[in-house]
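This report refers to the structure that appears directly beneath it.
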Amino acid sequence: RARRDCYPEGITRARCAQCTAMVVHWGRVAGYVGAVGVIAGAFGAHALQGRVSDRYQHAWHTAANYQLLHTVPILLAAKTRRPNLVGGLFAGGVLLFSGSIYAMVLLDQRKLGMITPVGGTALIAGWLALASCVV
């Protein structure tokens, strides 16, 4: 007798491989986002100390915290019905939100802060997509 595959009802071997690839992809993205978040947090706490205003220091801290916080839903994205939508919104949101704040602080260009709400909106959309796409 041929061995029966142990996939859940309606899941093919190809679909299972696709799901595994998605977990690996979003796991890597979450790992990189998290690592950069730790580096950014340490950089802000040590290298920027006394070199930028308290306002910029606080903004940097907020950006690093948001980046680290949003690594978890990026990791969870692979387990949703729409992993690229959910993961893309969170990853893009972190890039725009935290990235614009990092650039604003490093370049001392306050007008870069206009990008930050776009990133925040993507993060909010990511949370809403996560809520609606949970398997």
(message) Restricting to side chain to side chain donor-acceptor pair (under 3.5 Å), what partner residues turn up for Tyr66, sequence neighbours left out?
(response) none
(request) Keeping the roles fixed (side chain from Gln67, backbone from Val33), state whether a donor-acceptor pair exists under 3.5 Å. (result) yes
(message) Tell me whether Leu95 shares a hydrophobic cluster with Val29, the cluster being built from Ile, Leu, Val, Met, Phe, Trp, Tyr side chains joined at under 4.5 Å.
(response) no
(request) Considering non-hydrogen atoms only, spot the tightest contact between Gly93 and Ala122 and give its length. (result) CA-CB, 3.6 Å
(message) Within the supplied structure, the quantity of interest is the number of heavy atoms (other residues, nucleotides, ligands) at a distance under 6.0 Å from His61 NE2; does it exceed 12?
(response) no
(message) Quick one, Leu89 and Leu123 - any side-chain contact, counting heavy atoms below 4.5 Å?
(response) no
(request) Treat each ILVMFWY residue as a node, draw an edge where side-chain heavy atoms are under 4.5 Å apart, and state whether Met114 and Val105 are in one component. (result) no
(message) How close do Gly37 and Ala64 get, counting heavy atoms only, and between which atoms?
(response) O-CB, 4.2 Å
(message) Go through it in stages, so that I can follow the logic: the residues are Phe90 and Leu76, the test is side-chain contact (heavy atoms from CB on, under 4.5 Å), and I'd like the CA-CA distance, side-chain angles, deciding distance and then a yes or no.
(response) CA-CA 11 Å; Phe90 280 117; Leu76 295 175; over 6 Å; no
(request) Begin from the C-alpha positions of Arg81 and Val86 and carry the test side-chain contact (heavy atoms from CB on, under 4.5 Å) through to its verdict. (result) CA-CA 9 Å; Arg81 287 190 310 263; Val86 174; over 6 Å; no
(message) If hydrophobic clusters are built by linking Ile, Leu, Val, Met, Phe, Trp and Tyr wherever their side-chain heavy atoms come under 4.5 Å apart, do Phe97 and Tyr56 end up in the same one?
(response) yes
(request) Can you tell me which residue pairs pass the side-chain hydrogen bond (donor to acceptor under 3.5 Å, both in side chains) test with a partner in residues 117-135, sequence neighbours excluded? (result) His70-Trp127
(message) Does Arg55 form a side-chain contact (heavy atoms from CB on, under 4.5 Å) with His58? I'd like the steps, not just the answer.
(response) CA-CA 5 Å; Arg55 182 180 181 136; His58 180 72; 5.9 Å; no
(message) Do Ile101 and Ser98 have side chains that approach each other closer than 4.5 Å (heavy atoms only, starting at C-beta)?
(response) no
(request) Check Val118 against Leu96 and note the closest heavy-atom contact, atom names and distance. (result) CG1-CD1, 3.9 Å
(request) To the nearest 0.5 angstrom, please state how far the OG1 atom of Thr62 sits from the CG atom of Leu69. (result) 12.0 Å
(request) Report the distance from atom CG of Asp108 to atom OG of Ser53, rounding to the nearest 0.5 Å. (result) 8.0 Å
(message) Is it the case that the side chain of Gln57 and the backbone of Gly44 share a donor-acceptor pair, with hydrogens and angles ignored and the cut-off at 3.5 Å?
(response) yes
(request) Hey, could you give me the CZ/CG distance between Arg82 and Leu130, rounded to the nearest 0.5 Å? (result) 13.0 Å
(message) Measuring from atom CH2 of Trp26 to atom CD1 of Ile74, what distance do you get when rounded to the nearest 0.5 angstrom?
(response) 7.0 Å
(request) Kindly compute the distance separating CG (Leu48) from OH (Tyr102), expressed to the nearest 0.5 Å. (result) 10.5 Å
(message) Could you check whether any side-chain heavy atom of Phe43 comes within less than 4.5 Å of a side-chain heavy atom of Leu106, counting everything from C-beta outward?
(response) yes
(request) Mind listing the closest non-hydrogen atom pair of Leu68 and Gly34 along with its distance? (result) CD2-O, 3.4 Å
(request) Output yes when a side-chain donor or acceptor of Arg110 lies under 3.5 Å from a complementary backbone atom of Met104, and no otherwise. (result) no
